[in-house]
Amino acid sequence: MDSIIVTGGNALNGTIPIAGAKNACLTLMPATLLSEEPLTLTNAPRLSDIKTMQLLLESLGSEVTALNDGKVLALSSGTITNHVADYDIVRKMRASILVLGPMLAREGHAVVSLPGGCAIGARPVDLHLKALEALGAELELRDGYVHATARSGLKGGRITFPMVSVGATENALMAATLARGTTVIENAACEPEITDLAHCLQRMGAQIEGEGTPTITIQGVDRLSGATHPVVTDRIELGTYMLAPAITGGEVTLEGGRLELVSAFAEKLDEAGIAVETVENGLKVSRRNGPARAVDVRTAPFPGFPTDLQAQMMALLCTADGVSVLEETIFENRFMHAPELIRMGAQIDVQGGVARVTGVERLRGAQVMATDLRASVSLILAGLAAEGETQVNRVYHLDRGYERVEEKLAACGAAIRRVAGE
Ligand code: EPZ
């Protein structure tokens, strides 16, 4: 397993290109199952999770070709030859559940392994299943798989989510595009990835209104055509790299960054004394003077502060001037980066879903272990500011969500390198 070694202390200056959004691409790719015609995705990120989704779709009979060094994905699902999404692939990536809605809508039946939990939480899929039942699906859970059927096809219905769920909204939205009649989704997720999926489906001929708001209305159509769609910019990669100059000092331009994708996050950076400026080719971030100021953070569904940036923000607050309180409201176990940061000299007290961080002068480099995707990049960020050398192990977590992180940071002056593991 590869490791990444960072020697802290360098201020960062330069430009970092921001890729297409992993979490948009992972829901756009299954949309190919909704149509017999080709779907082309541009601005696709080059990540291991994308390859996993490619393998899953190919196992169902889709053809997926990566062009232009993986930045373009040409997908076509003329015929679905296998209706079972196997546990072996699904267990590697929970987003695999997103083939359920489209496959059921197109074929009238689907068998998908339940994804199981992951490091940050149990992550059930009950809301996905209830949404499909509201569209007339009959579901049976057997041997760790969900067997879904809709012999006479799905029919429009009202789906009211008791809590916001990004994935369940995506499954429901895709399924509803081919359901007979009108579907209304209430308490829908408003994340930019939902809006991006809706725009792609509209390009394919779907009738959708209200995307990006809590109420989405879909008029089912008989069939969808192919389309070409650009994957939206990755707001989590954007926020992650905005924190690099915030932690080290210096000035970095995030190419392709758009403020409206990260407004709640940018407000918190402003409160912490970090300058965020819209420039011609993206966002420019610099630390005004001296260390960041302590700020309180509470994660929430979009447009609130993203849970996927909580770990990275904690790395900044470990070196901020003062005491910060971070409250994680989305997942039940998303502070696993805290013990690793503490090994670097951070002062963090975790009580349930609340972490109290007392800023220290400087962190100290250490051997640390990545536990999940966003925790691993927060350790890289901490290493950029720490004294001495930090070695982050198990960076396969990192490669799931970040394209060539060491290259992007080294291009701005970071002393960072990847060491191939055994
Ligand atoms: C998506 O996961 C993202 N993944 C996550 O990003 C992100 O953290 C999350 O949304 C929240 O923004 C992808 O888009 C591939 P949810 P998802 O359904 O859809 C509970 C990353 O680092 N819940 O919005 O799985 C769930 O347990 C990843 O890129 C149910 O109880 O998240 C959680 O507590 C991590 N039942 C909360 O809802 C359900 O049926 C929000 O989950 C579904 C979810």
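None of the values given here were measured: they were computed from a predicted structure. Computed from heavy atoms alone, side chains included, the values below leave out hydrogens, waters and symmetry copies. Both ligands and their constituent atoms are indexed starting at 1 by order of listing.
Neither the backbone nor the side chain of Glu170 has any atom closer than 4.0 Å to an atom of ligand 1 (non-hydrogen atoms only). Of the heavy atoms in Thr27, none comes closer than 4.0 Å to ligand 1. At a heavy-atom cutoff of 4.0 Å, ligand 1 is contacted by the side chain of Lys22 but not by its backbone. The proximity of Arg334 to ligand 1, defined as any non-hydrogen pair under 4.0 Å, is limited to the side chain.
Taking each of Ile194, Asp234, Val166, Val125 in turn, the one with a heavy atom nearest to atom 1 (C) of ligand 1 proves to be Val166.
Considering backbone and side-chain atoms alike, Ile330 places an N or O below 3.5 Å from some N or O of ligand 1. For ligand 1, the polar-atom distance check against Glu191 finds no nitrogen or oxygen pair separated by under 3.5 Å.
In this structure, atom 22 (O) of ligand 1 lies nearest to the protein heavy atom Arg374 NE, 2.8 Å. Here the protein heavy atom with the shortest distance to atom 36 (N) of ligand 1 is Asp126 OD1, 2.7 Å. Of all protein heavy atoms, the one lying nearest to atom 9 (C) of ligand 1 is Phe331 CZ, 4.0 Å. Nearest protein heavy-atom contact of atom 25 (O) of ligand 1 is Arg123 NH2, 3.0 Å. Looking at atom 18 (O) of ligand 1, its nearest protein heavy atom turns out to be Ser165 OG, 2.7 Å. Here the protein heavy atom with the shortest distance to atom 6 (O) of ligand 1 is Asp308 OD2, 3.0 Å. Counting protein heavy atoms only, atom 39 (C) of ligand 1 is closest to Pro124 O, 3.0 Å. Annotation: atom 40 (O) of ligand 1 to nearest protein heavy atom, Leu127 N, 2.7 Å.
Every side-chain hydrogen bond (donor to acceptor under 3.5 Å, both in side chains) that Asp49 has, sequence neighbours left out, goes to Arg400. Residues passing the salt bridge (Lys or Arg N to Asp or Glu O under 4.0 Å) test with Arg158, sequence neighbours excluded: Glu186.
With hydrogens and angles disregarded, a donor-acceptor distance shorter than 3.5 Å links the side chain of Thr213 to the backbone of Gly210. Proximity of a side-chain donor or acceptor of Arg106 to a complementary backbone N or O of Leu33 within less than 3.5 Å is detected. Gln312 places a side-chain N or O within donor-acceptor distance of the main-chain N or O of Asp308, the cut-off being under 3.5 Å.
Counting atoms of ligand 1 from 1 in the listed order, those under 4.0 Å from a heavy atom of Met163 are 20 (C), 31 (O), 37 (C), 38 (O). Close approach to Gly167 involves these atoms of ligand 1, each under 4.0 Å from a residue heavy atom: 18 (O), 19 (O). Near His128, meaning under 4.0 Å from any of its heavy atoms, are these atoms of ligand 1: 40 (O).
Classification of Glu271 and Lys268 as a salt-bridged pair holds, one side-chain N sitting under 4.0 Å from a carboxylate O. Under the 4.0 Å criterion applied to side-chain N and carboxylate O atoms, Arg418 and Asp399 are assigned as salt-bridge partners. The pair Glu255-Lys284 does not meet the salt-bridge criterion, since no charged nitrogen lies less than 4.0 angstrom from a carboxylate oxygen. Salt bridge status for Asp69 with Arg46: present, with a side-chain N to carboxylate O gap under 4.0 Å.
Between His397 and Thr371, every side-chain heavy-atom pair lies at or beyond the 4.5 Å cut-off.
Close placement of the Phe305 and Phe265 rings is indicated, their centers lying within 6.0 Å of each other.
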